[in-house]
Amino acid sequence: MRIDILTLLPGLLESYLQEGMIGRACREGLIQINAVQIRDFATDRHKTADDSPYGGGAGLIMKAEPVAAAIKSVKRRKKARVLLMSPQGRTFTHTDARRLAEDRHIIIICGRYEGIDERIRQKYVDEEFSIGDYVLTGGELAALVITDATARFIPGVLGNEQSSQDESFSAGMLEYPQYTKPRVFQKMEVPEVLLSGNHAQINRWRRTQGLLKTMKNRPDLFAGLQLTEEDKKEIENNCD
Ligand code: ADE
């Protein structure tokens, strides 16, 4: 998969894309991620990428021509999917990440300033995503979030193939608590069942804990879960 991230601040992306699992996936050729400076596509002497809004008002708007030229420069395949990062977009989810991981080429436009000329949305953008109900200073963090969450679904990117299946959200619920050595930390003990070696009991305990955590932290997800009779009994017995 190839991801082109169009931005006015490519330096913001660099270290994130070079280190950790994403950096390794790039070096191994599993994904190719490229930061593109939009300003390089401005044609005037001052390399102007933004201007004041028609109709008046505060702030600057990203100009259409440099963004359009930057998209054109990376769009080799007709089928590239163009995403716009903005607080006006639909909230990005786990399901979107899994779907985008099937694409061969994604182009991500990072908004800055007060917004982007609407004609870029009209003509070029396939999907507009927000990463949450708050306003960031620009779309770069959102582009990194979407790149990271999507890359995890590309085979080979995670060391352990199982982990993108097992974790929170895959089953519409949150993950159970995890422990590692030592067995006692500041007088707090690892739950006995995890030391039992009884995998049926461990799986039951993990599911119950995941359900309890979902009920407490994400009642919206909990409402959509299909509970078995055993689940209901376990929840009743473990609620305080
Ligand atoms: N740009 C500014 N705020 C944003 C947000 N919440 N999500 C995506 N892009 C943004």
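As the structure lists them, so they are numbered: ligands from 1, and atoms in each ligand from 1. Keep in mind it's a predicted model, so treat the numbers as computed, not measured. Note that the numbering runs from 1 along the sequence shown for the chain.
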Note: P155 and L30 closest approach over all heavy atoms is O-CD2, 4.0 Å
Between Y179 and W205, how do the two ring planes meet: parallel, tilted or perpendicular, split at 30° and 60°? tilted
F92 and F129 aromatic ring geometry - parallel, tilted or perpendicular at 30°/60° bounds: perpendicular
Applying side-chain hydrogen bond (donor to acceptor under 3.5 Å, both in side chains), which residue pairs with at least one partner in residues 52-74 are found, sequence neighbours left out? none
Salt bridge (Lys or Arg N to Asp or Glu O under 4.0 Å) with R81: which of D4, D96, D103? D103
Are side-chain heavy atoms of D148 and I22 found at a separation under 4.5 Å? yes
Can you give me a line-by-line list of nitrogen or oxygen pairs between ligand 1 and the protein shorter than 3.5 Å?
{"unit_1": "ligand 1", "atom_1": "3 (N)", "unit_2": "L136", "atom_2": "N", "d": "2.9"}
{"unit_1": "ligand 1", "atom_1": "6 (N)", "unit_2": "G132", "atom_2": "O", "d": "3.2"}
{"unit_1": "ligand 1", "atom_1": "6 (N)", "unit_2": "Y134", "atom_2": "O", "d": "2.8"}
{"unit_1": "ligand 1", "atom_1": "7 (N)", "unit_2": "I131", "atom_2": "N", "d": "3.0"}
{"unit_1": "ligand 1", "atom_1": "9 (N)", "unit_2": "S86", "atom_2": "N", "d": "3.2"}

